[in-house]
Amino acid sequence: MGEPLKMMTPGDREILIERRFKAPREFVWRALVEPPLVKRWLLGPPGWSMPVCEIDLRVGGKMRFEWANDDGRSMGLTSVIREIAPNDRLVATEKFDEDWTGGETLVTQSLHDTDGGTTLRTHILYASQAARDGAKMSGMTDGMEAGYTHLDGLLAEMAA
């Protein structure tokens, strides 16, 4: 299993999340960009599923994620890819259907070799400090860690 995630605030509109996985960066990359794999781990807390996972993996391509909860709640997110460097970096803008982040965010995911594993750094730039502060207080890291725990299991299966 990986190590618990770390959240930092390097700037007044930024959040940086770091999480180490015991897997090669190629496996982590595939888990970030291949829809059948994404659907298995990007779920958050128990009760959520991902009925829609579309990734057009090219600069200018869109990603569409829709989650559904057993209790009837749903959530959707659309991204536009700005930069792709396979096994290294993915940059995209994101906007939730219910715009709780106060506008588009810029999300940079980068992969780094670390002690026989891979560290995923997710840098999120919000439209304002208020949006960043709201996200920080939302409990987002609990949902992210739940997803990353699923990802730990998926990566272990991929290695087997």
Side-chain angles (χ1 to χ4, degrees), residues 1-35 37-45 48 50 53 55-65 67 75 77-96 100-159:
M1 292 294 157
E3 299 167 4
L5 70 78
K6 297 174 191 168
M7 180 176 72
M8 294 150 273
T9 51
D12 63 355
R13 296 187 311 144
E14 301 166 79
I15 290 179
L16 175 62
I17 304 289
E18 287 189 356
R19 176 66 149 71
R20 184 174 176 277
F21 298 94
K22 291 184 178 176
R25 72 165 59 193
E26 295 81 12
F27 287 8
V28 179
W29 175 259
R30 288 183 53 209
L32 293 176
V33 301
E34 294 180 14
L37 300 178
V38 173
K39 288 178 78 159
R40 291 185 55 196
W41 73 268
L42 191 57
L43 301 173
W48 288 93
M50 182 183 272
C53 179
I55 300 174
D56 180 7
L57 192 60
R58 61 182 176 84
V59 172
K62 290 190 177 178
M63 296 186 288
R64 177 68 186 166
F65 303 134
W67 294 270
M75 184 170 61
L77 169 72
T78 300
S79 296
V80 177
I81 298 171
R82 289 195 171 178
E83 181 184 334
I84 303 167
N87 299 319
D88 186 51
R89 181 176 159 98
L90 182 66
V91 181
T93 57
E94 288 186 352
K95 191 167 184 185
F96 282 90
W100 63 272
T101 58
E104 219 172 50
T105 59
L106 180 65
V107 178
T108 301
Q109 294 177 295
S110 59
L111 302 175
H112 307 270
D113 294 326
T114 313
D115 299 326
T118 302
T119 296
L120 170 62
R121 289 190 182 119
T122 303
H123 181 269
I124 308 166
L125 178 63
Y126 293 89
S128 68
Q129 184 173 358
R132 189 278 315 258
D133 291 347
K136 187 177 170 187
M137 302 305 290
S138 72
M140 70 183 260
T141 54
D142 293 338
M144 290 178 78
E145 183 56 40
Y148 289 157
T149 299
H150 293 301
L151 181 51
D152 283 328
L154 174 62
L155 293 168
E157 282 180 34
M158 290 171 72

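Because the structure is a prediction, the values reported are computed rather than measured.
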Is Arg13 salt-bridged to Asp133, cutoff N-O under 4.0 Å?
no

For a 4.5 angstrom cut-off between non-hydrogen side-chain atoms, does Glu145 reach Arg19?
yes

Separation between CD1 of Ile124 and CE of Met140, rounded to the nearest 0.5 Å:
4.0 Å

Donor-acceptor contact present, side-chain Ser128 to main-chain Ala131, <3.5 Å:
yes

Approximate separation, where rounding is to 0.5 Å, of Ile81 CD1 and Ile84 CD1:
4.5 Å

Test item: Thr101 side-chain N/O and Gly103 main-chain N/O as donor-acceptor pair under 3.5 Å:
yes

Under a plain distance cut-off of 3.5 Å, with no hydrogens placed, do Arg64 and Thr78 share a side-chain donor-acceptor pair?
yes

Kindly indicate whether the side chain of Leu5, heavy atoms from C-beta on, has any atom under 4.5 Å from the side chain of Thr141.
yes

Specify the closest pair of heavy atoms between Thr118 and Ala23, including all atoms of both residues, with the distance to one decimal.
OG1-O, 2.7 Å

Under 3.5 Å, side chain of Ser79 to main-chain N/O of Leu77, donor-acceptor pair present?
no

Using the benzene-type ring in the case of Trp, are the ring centres of Phe27 and Phe21 under 6.0 Å apart?
no

Hey, are Asp88 and Arg25 close enough for a salt bridge, meaning a charged N less than 4.0 Å from a carboxylate O?
yes

Any side-chain heavy atom of Leu37 within less than 4.5 Å of one from Leu154?
yes

Going from CE on Met75 to CZ on Phe65, what distance comes out if it is rounded to the nearest 0.5 angstrom?
11.0 Å

For His150 and Arg40, which I'm curious about, is there any donor-acceptor pair between the side chains at under 3.5 Å?
no

Report the C-alpha distance between Ile17 and Met144 in whole Å, list the side-chain angles of each, state the deciding distance to 0.1 Å, and finish with yes or no for side-chain contact (heavy atoms from CB on, under 4.5 Å).
CA-CA 9 Å; Ile17 304 289; Met144 290 178 78; 3.8 Å; yes

Taking Trp41 for the side chain and Tyr148 for the main chain, is one N or O donor matched with an acceptor at less than 3.5 Å?
no

Between Leu42 and Met50, is any pair of side-chain heavy atoms under 4.5 Å apart?
yes

For Glu18 and Arg121: C-alpha separation, side-chain torsions, deciding distance, then whether salt bridge (charged side-chain N to carboxylate O under 4.0 Å, His left out) applies.
CA-CA 5 Å; Glu18 287 189 356; Arg121 289 190 182 119; 2.7 Å; yes

Met7 and Ile15: side-chain contact (heavy atoms from CB on, under 4.5 Å), yes or no, with the steps?
CA-CA 7 Å; Met7 180 176 72; Ile15 290 179; 3.7 Å; yes

Residue pair Thr122, Leu16: steps toward the side-chain contact (heavy atoms from CB on, under 4.5 Å) verdict:
CA-CA 6 Å; Thr122 303; Leu16 175 62; 5.9 Å; no

Report yes or no: does Thr105 contribute a side-chain atom to a donor-acceptor pair with the main-chain N or O of Val107 at less than 3.5 Å?
no

Would you mind checking if Arg89 and Glu83 are paired as a salt bridge, meaning a charged N to carboxylate O distance below 4.0 Å?
yes

Asp56 side chain reached by Met63 side chain, heavy atoms, under 4.5 Å:
no

Thr108 side-chain N/O to His123 backbone N/O, donor-acceptor pair under 3.5 Å:
no

What heavy-atom pair brings Ala146 and Pro45 nearest, and what distance separates the two atoms?
CB-N, 3.8 Å

CD/Glu104 to OH/Tyr126 distance, rounded to the nearest 0.5 angstrom?
13.5 Å

Say whether, by atom type as modelled, one donor and one acceptor occur between the side chain of Arg20 and the main chain of Asp115 under 3.5 angstrom.
yes

Do you know the tightest heavy-atom contact between Trp48 and Leu43?
CB-O, 3.1 Å

Within the structure provided, determine whether Val38 and Leu32 are in side-chain contact (heavy-atom separation under 4.5 Å).
no

Would a 4.5 Å heavy-atom cut-off, applied to side chains only, mark Val33 and Leu90 as touching?
yes

Tell me whether Arg132 is salt-bridged to Asp12, with the criterion being a basic N under 4.0 Å from an acidic carboxylate O.
no

Applying side-chain contact (heavy atoms from CB on, under 4.5 Å), run through Val91 and Leu106 and close with a yes or a no.
CA-CA 7 Å; Val91 181; Leu106 180 65; 3.8 Å; yes

